[in-house]
Asker: 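Mind looking over this structure? Questions follow.
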Amino acid sequence: MPGIPDELASLRTSDEVLVVVDVGGNILLLSEPAEEFFGIGLDDVAGEAMELLMPEEFRFGHQAYRRAFFMEPVARQMDPGLEPAAERPLDGERIPIAVQLDPREIDAVRYAVAHVTRR
């Protein structure tokens, strides 16, 4: 995959639902199971803001959480008290989720790998 470090590109074939974003929150990679989970192909969302995968009412507020995560990137569970949800872009289906955030730094560039599971 052009422009994506090999260490991250290899996640494409993971068995997990993974979303990889850059520090700007742009989607760089969806694992194959993530494409099925979200009902959309990587080619359709690559470069788009990851908030595209969230219900609209959470998108604006999430940007501040994302920026804070990248300022102090620590592996952690996304706050379950927030009751996170995903939204499939094509059909609008809302899915309750849990998200484990895994920061990565490769050649001084920060990324986040979101491990998504259905709640």
Asker: Same cluster or not: Leu52 versus Leu90, using hydrophobic residues (I, L, V, M, F, W, Y) connected whenever any side-chain heavy atoms lie under 4.5 Å apart?
Answerer: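 Yes; tracing contacts between hydrophobic side chains, which count when under 4.5 Å, links both residues.
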
Asker: Side-chain contact, heavy-atom cut-off 4.5 Å: Val17 with His115?
Answerer: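 SC-SC contact between Val17 and His115 ruled out.
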
Asker: Keeping Arg76 on the side-chain end and Asp102 on the backbone end, is there a donor-acceptor pair under 3.5 Å?
Answerer: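 Not a single qualifying donor-acceptor pair exists.
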
Asker: Is the closest side-chain heavy-atom distance between Pro84 and Arg119 below 4.5 Å?
Answerer: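 Side chain of Pro84 against side chain of Arg119, heavy atoms only: contact under 4.5 Å found.
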
Asker: Using the rule given for side-chain contact (heavy atoms from CB on, under 4.5 Å), can you reason through Glu32 versus Glu16, listing the C-alpha separation, both sets of side-chain angles and the distance that settles it, and then say yes or no?
Answerer: CA-CA 8 Å; Glu32 292 167 358; Glu16 294 182 75; over 6 Å; no

Asker: Is it true that Arg12 and Glu7 have a side-chain N and a carboxylate O under 4.0 angstrom from each other?
Answerer: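 Salt bridge flag = no for Glu7 with Arg12.
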
Asker: With a 4.5 Å limit on heavy-atom distance, are the side chains of Leu18 and Leu30 in contact?
Answerer: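 Answer no - side chains too far apart.
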
Asker: Give the intermediate values and the outcome of side-chain contact (heavy atoms from CB on, under 4.5 Å) for residues Val74 and Phe69.
Answerer: CA-CA 7 Å; Val74 177; Phe69 173 79; 5.7 Å; no

Asker: Less than 4.5 Å apart, any side-chain heavy atom of Arg88 and any of Ile95?
Answerer: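 Heavy-atom side-chain distance check passes, below 4.5 Å.
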
Asker: Distance-only, no hydrogens or angles: does the Asp107 side chain make a donor-acceptor pair with backbone N or O of Val109 under 3.5 Å?
Answerer: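 Answer holds: no.
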
Asker: Hey, mind stepping through Val113 and Leu8 against side-chain contact (heavy atoms from CB on, under 4.5 Å) and telling me if it holds?
Answerer: CA-CA 9 Å; Val113 179; Leu8 296 176; 4.2 Å; yes

Asker: For a side-chain contact (heavy atoms from CB on, under 4.5 Å) check, start with the C-alpha distance between Arg118 and Ile97, then their side-chain angles and the critical distance, and finish with the verdict.
Answerer: CA-CA 4 Å; Arg118 191 180 291 261; Ile97 59 171; 5.6 Å; no

Asker: I want to check something: taking the side chain as every heavy atom from C-beta on, are Val20 and Leu11 in contact at a cut-off of under 4.5 Å?
Answerer: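 A side-chain contact under 4.5 Å exists here.
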
Asker: Which heavy atom of Ile27 sits nearest a heavy atom of Met50, and at what distance?
Answerer: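 Looking at all heavy atoms of both residues, the shortest contact is CG1-CA, 3.7 Å.
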
Asker: For Glu36, is the CD atom crowded, meaning more than 12 foreign heavy atoms sit under 6.0 Å from it?
Answerer: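 Counting neighbours around CD of Glu36, 12 or fewer heavy atoms of other residues, nucleotides or ligands fall under 6.0 Å, so no.
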
Asker: Count the heavy atoms of every other residue, nucleotide or ligand shown that sit under 6.0 Å from CG of Asp91, and state whether that count exceeds 12.
Answerer: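 For Asp91, atom CG is crowded (more than 12 foreign heavy atoms under 6.0 Å).
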
Asker: Can you confirm whether more than 12 heavy atoms, excluding those of Glu56, are under 6.0 Å from its CD atom?
Answerer: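 Check fails, neighbour count at 12 or below.
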
Asker: At their closest point, which heavy atom of Phe38 faces which heavy atom of Pro89, and how far apart are they?
Answerer: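 Heavy atoms of Phe38 and Pro89 come nearest at O-CD, 3.5 Å.
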
Asker: Taking the side chain as every heavy atom from C-beta outward, state whether Pro103 and Tyr111 have any atom pair closer than 4.5 Å.
Answerer: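 When only atoms from C-beta onward are counted, Tyr111 and Pro103 do not touch, as no gap falls below 4.5 Å.
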
Asker: Output yes when Arg59 and Glu51 qualify as a salt bridge under the 4.0 Å nitrogen-oxygen rule, no when they do not.
Answerer: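 No.
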
Asker: Tell me if a side-chain donor or acceptor on Gln100 pairs with a main-chain N or O of Val116 at a distance below 3.5 Å.
Answerer: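 Not at all, since once roles are kept as given, no pair shorter than 3.5 Å links the two residues.
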
Asker: To check you understand the geometry: which heavy-atom pair defines the closest contact between Arg66 and Gly24, and what is its length?
Answerer: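 Heavy atoms of Arg66 and Gly24 come nearest at NH1-O, 3.2 Å.
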
Asker: Quick one, Ser31 and Phe37 - any side-chain contact, counting heavy atoms below 4.5 Å?
Answerer: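 SC-SC contact between Ser31 and Phe37 ruled out.
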
Asker: Would you name the heavy atoms of Arg110 and Phe70 that are closest together and state the gap between them?
Answerer: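 Closest approach of Arg110 to Phe70, heavy atoms only: NH1-O, 2.6 Å.
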
Asker: Considering non-hydrogen atoms only, spot the tightest contact between Ala108 and Glu105 and give its length.
Answerer: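 Looks like CA-OE2, 3.6 Å.
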
Asker: Is the shortest side-chain heavy-atom distance between Val21 and Asn26 below 4.5 Å?
Answerer: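 Heavy-atom side-chain distance check fails, nothing below 4.5 Å.
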
Asker: Of all the heavy-atom pairs spanning Arg94 and Ala85, show the shortest one and how long it is.
Answerer: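 Scanning both residues completely, I find the closest heavy atoms to be CG-CB, 3.9 Å.
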
